[in-house]
Amino acid sequence: SVKKSPRTQRIGSFLNAPLIEAHYPRLNNFTFIVTDSPIVNFSSAVTFFFTAMEFIAEQGKHAHSGSSTLILPALSIGNVGQLAVDLLVASIKAERVGYLDTPFVLPCVGNDAYGPVPNGELALPLEAYDSSSNAMSLIQQRSPVVKGRMIEFAKCVADYVAASGKKKVVVLSSLDFGRWQRVDMSSGLQMHYLSTTNSDGTDDYCEQLGWKRLQEYNPTQKAWKYLSTLAEGNAVPEDILPFEGELEEEEYYYPSLPFAALFSCLKAKGLKVTCLLCYCSEGDNIPDAFHLAEAACKLLGLNPSNFHGNNDKWVIPCSWKTLYGPPADVSLF
């Protein structure tokens, strides 16, 4: 097969770029793999691979270039990161400015998550929000990444974030409480973090806030080195390949999580990244979402007391009213 990139370049004797462009107008986001076989049909002749994440602005809106900070979730147990982003979007009254298009996230559609009455505005898998008053952007992810495509997705996110001029990224996610090795609940719910400030993942400001660096992060361990090499797009040396059975389960569990892929790919782009992580279990994860959102505000110097919401300070998203379905039928009891 021959790899060709320019969208106007003739691709084989049986297909040409104008013909394909007529059917696929977004060829600037594709790479072509063209077979040399003279007997092929259209679907097998060309395989398309997205090489970029596309921002699609809502009509009459645009992303604010002055927003230097980005908050986004990494999907995990209890969907705590997504709930926390919901809470932040509603509370700071962030404006939805568009959507992000990528083939690496499963499609989904729903009603507006924040309006008091569903008015036909659709919620899609990846939504972009801006808060110009806080110089902050947010991305909400509403469906999971296609299985086996997490690294590709994280690279697309990192490319988009770097190209949009962001300097600081905060990733919100959760960890399985059952894997917490050294449980310490003496000071209530404990926040963990991972930062690019220092090579060992530590950050002095996060330590001052009383948070603990994720103990399982070890940049010299094979699984983390392998992830970092993939994120940087380098060839993987054989001596860091994590062969099956060679690593303990705990050693590859954390590097295999979505937050780790986002952290590594964003770090490879030279961005300042802080992952905020809380341990939780499946169930009613609304308290965990408050905890994570409050941590994000502390990190960024926001005061939730200024939000003037319906819960002393926070604005509860309208969609949370049906988060766990309707009340139980009292006739059952």
Taken to the nearest 0.5 Å, the spacing of Arg149 CZ from Leu106 CG works out to 12.0 Å

Q.
Can you confirm whether Met191 sits close enough to Leu209 that some side-chain heavy atom of one is under 4.5 Å from a side-chain heavy atom of the other?
A. no

Between Val146 and Phe153, does a side chain to side chain contact (heavy atoms under 4.5 Å, CB included) hold up when you go through it step by step?
CA-CA 9 Å; Val146 175; Phe153 171 71; over 6 Å; no

Quiz prompt | Within-4.5 Å side-chain heavy-atom neighbours: Cys156 and Phe104 | solution = yes

_Check whether Asp130 reaches the backbone of Ser132 with its side chain - one donor and one acceptor, N or O, closer than 3.5 Å._
no

Value for NZ (Lys155) from CD (Glu232), rounded to nearest 0.5 Å, stands at 10.0 Å

Can you find a pair of side-chain heavy atoms, one from Glu294 and one from Lys313, that are under 4.5 Å apart? yes

Are Asn285 and Asn79 close enough, and set up right, to give a side chain to side chain contact (heavy atoms under 4.5 Å, CB included), and what steps lead you there?
-> CA-CA 8 Å; Asn285 296 107; Asn79 303 103; over 6 Å; no

(message) Tell me whether Ser131 contacts the main-chain N or O of Ala94 through its side chain, where contact means a donor paired with an acceptor under 3.5 Å.
(response) no

Answer with yes or no whether the hydrophobic clustering places Ile151 together with Leu75; edges join I, L, V, M, F, W, Y residues whose side-chain heavy atoms lie under 4.5 Å apart.
no

Note: Asn218 and Thr220 closest approach over all heavy atoms is OD1-OG1, 2.7 Å

(request) Check whether Val80 and Leu300 end up in the same hydrophobic cluster, where Ile, Leu, Val, Met, Phe, Trp and Tyr are linked by side-chain heavy atoms less than 4.5 Å apart. (result) yes

* To do: With side chain to side chain contact (heavy atoms under 4.5 Å, CB included) as the test, would you mind laying out the steps for Leu72 and Leu172 before giving the verdict?
  => CA-CA 6 Å; Leu72 74 160; Leu172 306 181; over 6 Å; no

Looking only at heavy atoms, the pair that brings Leu302 and Pro304 closest together is O-CD, 3.4 Å

Can you find a heavy atom in the side chain of Val169 that is under 4.5 Å from one in the side chain of Thr69? no

Taking every heavy atom of Ser67 against every heavy atom of Ser137, the minimum-distance pair comes out as CB-OG, 3.2 Å

Practice problem: Decide yes or no on side chain to side chain donor-acceptor pair (under 3.5 Å) for Tyr279 and Asp288, but give the supporting numbers first. | Solution: CA-CA 9 Å; Tyr279 281 93; Asp288 302 304; over 6 Å; no

Closest non-hydrogen contact found for Pro255 with Ala223 is CG-CB, 3.8 Å

Under 3.5 Å, side chain of Ser256 to main-chain N/O of Tyr253, donor-acceptor pair present? yes

Original post:
Is there side-chain contact between Trp211 and Thr274, with heavy atoms separated by less than 4.5 Å?
Top reply: no

- Task: Answer yes or no: are there more than 12 heavy-atom neighbours, outside Lys167 itself, under 6.0 Å from its atom NZ?
- Result: no

Between Ser91 and Leu88, is there a donor-acceptor pair closer than 3.5 Å when you use the side chain of the first and the backbone of the second? no

Scanning both residues in full, the closest heavy-atom pair of Ser143 with Cys108 reads CB-SG, 3.9 Å

Interatomic distance, OH@Tyr193 vs CG@Leu276, rounded to 0.5 Å, equals 10.5 Å

Taken in chain and number order and not counting sequence neighbours, the residues that satisfy side chain to side chain donor-acceptor pair (under 3.5 Å) with Lys267 are none

dist Met136:CE -> Lys168:NZ (nearest 0.5 Å) comes out at 9.5 Å

(Q) Closer than 3.5 angstrom, by distance alone: can the side chain of Glu282 be matched with the main-chain N or O of Gly78 as a donor-acceptor pair? (A) yes

message = Could you check whether any side-chain N or O of Gln82 sits under 3.5 Å from a backbone N or O of Gln140, counting only pairs where one atom can act as donor and the other as acceptor?
response = no

With distance as the sole test, does Ser228 use its side chain to make a donor-acceptor pair with the main-chain N or O of Trp224 at under 3.5 Å? no

With sequence neighbours left out, the residues meeting side chain to side chain donor-acceptor pair (under 3.5 Å) with Glu127 are Arg96, Tyr129, Arg142

Do Leu70 and Leu271 belong to the same hydrophobic cluster, where Ile, Leu, Val, Met, Phe, Trp and Tyr are linked whenever their side-chain heavy atoms lie under 4.5 Å apart, directly or via other members? yes

In this structure, CG of Asn134 is separated from NZ of Lys93 (nearest 0.5 Å) by 11.0 Å

Minimal heavy-atom distance between Val145 and Gln141, with the atoms involved, is CG2-NE2, 3.6 Å

Item checked: Validation row: Val105, Leu100 side chains within 4.5 angstrom (heavy atoms) -> no

Query raised in the report: Any chain of hydrophobic side-chain contacts (each under 4.5 Å) joining Ile139 to Tyr99?
Result: no

With the 4.5 Å side-chain cut-off for hydrophobic clustering, are Phe263 and Ile77 part of the same group?
-> no

The reported gap from CG in Asn111 to SG in Cys318 (rounded to nearest 0.5 angstrom) is 12.0 Å

- Message: Checking the side chain of Thr196 only, and the main-chain atoms of Val273 only, is there a donor and an acceptor separated by less than 3.5 Å?
- Response: yes

Flag, side chain of Gln190 to backbone of Gly210, donor-acceptor distance under 3.5 Å: yes

Checklist entry - Below 4.5 Å, heavy atoms only, C-beta onward: do Asp86 and Tyr114 meet side chain to side chain? => result yes

Quick note, salt bridge (Lys or Arg N to Asp or Glu O under 4.0 Å) partners involving residues 196-208, not counting sequence neighbours, are Asp203-Lys272

*Is there side-chain contact between Tyr254 and Gln221, with at least one heavy-atom pair below 4.5 Å?*
no

